[in-house]
Amino acid sequence: MNTTKEQWSSRFGFIMAAAGSAIGLGNLWKFPYVAGTNGGAVFLLLYIIFLMLLGIPILLSELAIGRSGGMNAIDSCKKINPKWGFAGAFGIAGAFGVMSSYCVVGGWVIRYIINSFANGGANMNAEYFSDFSSRGFEPILWTFIFMAATCFIVAGGVTKGIERVSSVLLPILIVFLIGIMIYSLTLPGALKGVKFFIVPDFAEIGGFSGFIRIALNAMGQVFFSLSLGMGTLITYGSYLPKNSKLVSSTVTIIAMDTAIALAAGFAILPAVFSFGLEPDGGFGLIFQTLPVVFSQMNGGTFVAAAFFLLVLFAALTSSISLLEVIVAWVCAKTKLTRTWAAVIVSVLIFAVGCFASLSVGAVPELSVGGMNLFEFFSFLSDKIIMPLGGFFICLLTGWVWGIPKAEEEISNSGAIRFRARKLFSATVRYIAPMLIAVIFITSIFGGK
Ligand code: TRP
């Protein structure tokens, strides 16, 4: 009796930790606006296809590699083959890239919480966001506060406590999101938004190059949202007991992450159409629409403040695990203490984050290839570093390690039936790496 109970609670804790890392700004802030700028339902369709073809096999592979190796990402990969440590190393670069724009958005969220309290949120209309985010100094101050909070938690090493809190706050966030979603869906004209989100209109996507652009964005979003290709889940997998069920954990994490992203889409896109805004408004979308929705509700001030507080919390649980990836590596490689490592890495991220923040509006010259720095950093991490990391994880699992050994790990040496073995083998060896390669190559030549 005792052992089964223990196993269940550790599995629950693991799912919460993995979901806490996966669920963050990627679901609440990024998913709705990327869907909005990429044709809505066509994006959603590709997103779901990529979840199946890339998300499931790569997430499962990462967990299996981690549990088999029982060590950090790089050493677990090395244990499979000493030359393959690099496959786990993408996390360091990826985490830095993600964090440098994540901290900027985290700062905006803090600003919105405080403004909801201070002014009842009455001034938070669409112009407020563009006005605020393009000021030079002020957003940097909020970025600093977000980064300092992340650093403080990581330096203290109190991740355990955070996990416990997230088991409580995650369900509250879900309840809030469902409430906002229902409210949005009942706004006049909301149906247009629903249609935009779930009925694909291939005529509107801009031909082949448009399709490739949407595919690249959908792939990037799958990697970003599930925290894939960065070795995070290898590390999490290494903490798993040998008798845990990898396949059902994979499916549960993906289902939770996707449910939150979809709820965010249904909360925001109908409101966008109801208020006559454009769905392709870009990265300010959630900040420009939700406050307007809240201002129409009874008790909207409270809802706004509470909602942005929950968003902040989801963002912090992700940013902590991102910073942790780099800090753990720095601690292993240098003689720095944990606190100093956290502080130094945070200062570096903040410095890069300042440029990202300024590039949003105050200093538009800060751009690379037609993207401002803020967009460029996320382009690098979600569309290059993470997919490349995922590509090598597939090759490592499917070809270097080999399906029989991977299966041995996934099935707990035959104790659990692994029904999808053939499907897993086909996706991890052929479909996923080829899909990543094709999207890469066609987007270099075909689209932007
Ligand atoms: N998945 C997180 C989100 O949706 C962001 C993220 C990307 C992440 N890669 C990660 C978090 C690696 C932790 C580790 O917001």
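Atoms within a ligand are numbered from 1 in the order they appear, just like the ligands themselves. Here the structure is a predicted model, which is why all the values come from computation and not from measurement. Below, each value reflects all heavy atoms present in this structure, side chains not excepted, and no hydrogens, waters or symmetry copies.
Counting only non-hydrogen atoms, the option in Gly91, Gly24, Gly94, Ser227 that gets closest to atom 11 (C) of ligand 1 is Ser227. Around atom 12 (C) of ligand 1, the closest heavy atom drawn from Ile385, Asn27, Thr232 belongs to Thr232.
Tyr102 counts as a contact of ligand 1, since one of its heavy atoms falls under 4.0 Å from the ligand.
Near Ser225, with a cut-off below 4.0 Å to any heavy atom, the atoms of ligand 1 are 1 (N), 4 (O).
A side chain to side chain contact (heavy atoms under 4.5 Å, CB included) with Phe31 is found for exactly one of Asp257, Leu44, Leu25, namely Leu44. Each of Ser76, Ser244, Ser238 was compared with Arg67 under the side-chain hydrogen bond (donor to acceptor under 3.5 Å, both in side chains) criterion, and only Ser244 meets it.
At a heavy-atom cutoff of 4.0 Å, ligand 1 is contacted by the backbone of Ala22 but not by its side chain.
Nearest non-hydrogen protein atom to atom 9 (N) of ligand 1 is Met230 SD, 3.4 Å.
Geometric assessment of Lys30 against the ring of Phe224 yields a positive cation-pi assignment under the 6.0 Å and 45° thresholds.
Aromatic ring orientation, Trp108 versus Phe374: tilted (interplanar angle from 30° to 60°).
Between the side chain of Ser318 and the main chain of Ile23, a donor-acceptor pair closer than 3.5 Å is present.
At a 3.5 angstrom cut-off on N or O pairs, Phe224 counts as close to ligand 1. Taking distance alone, with nitrogen or oxygen atoms compared against 3.5 Å, Leu25 approaches ligand 1 more closely than that limit.
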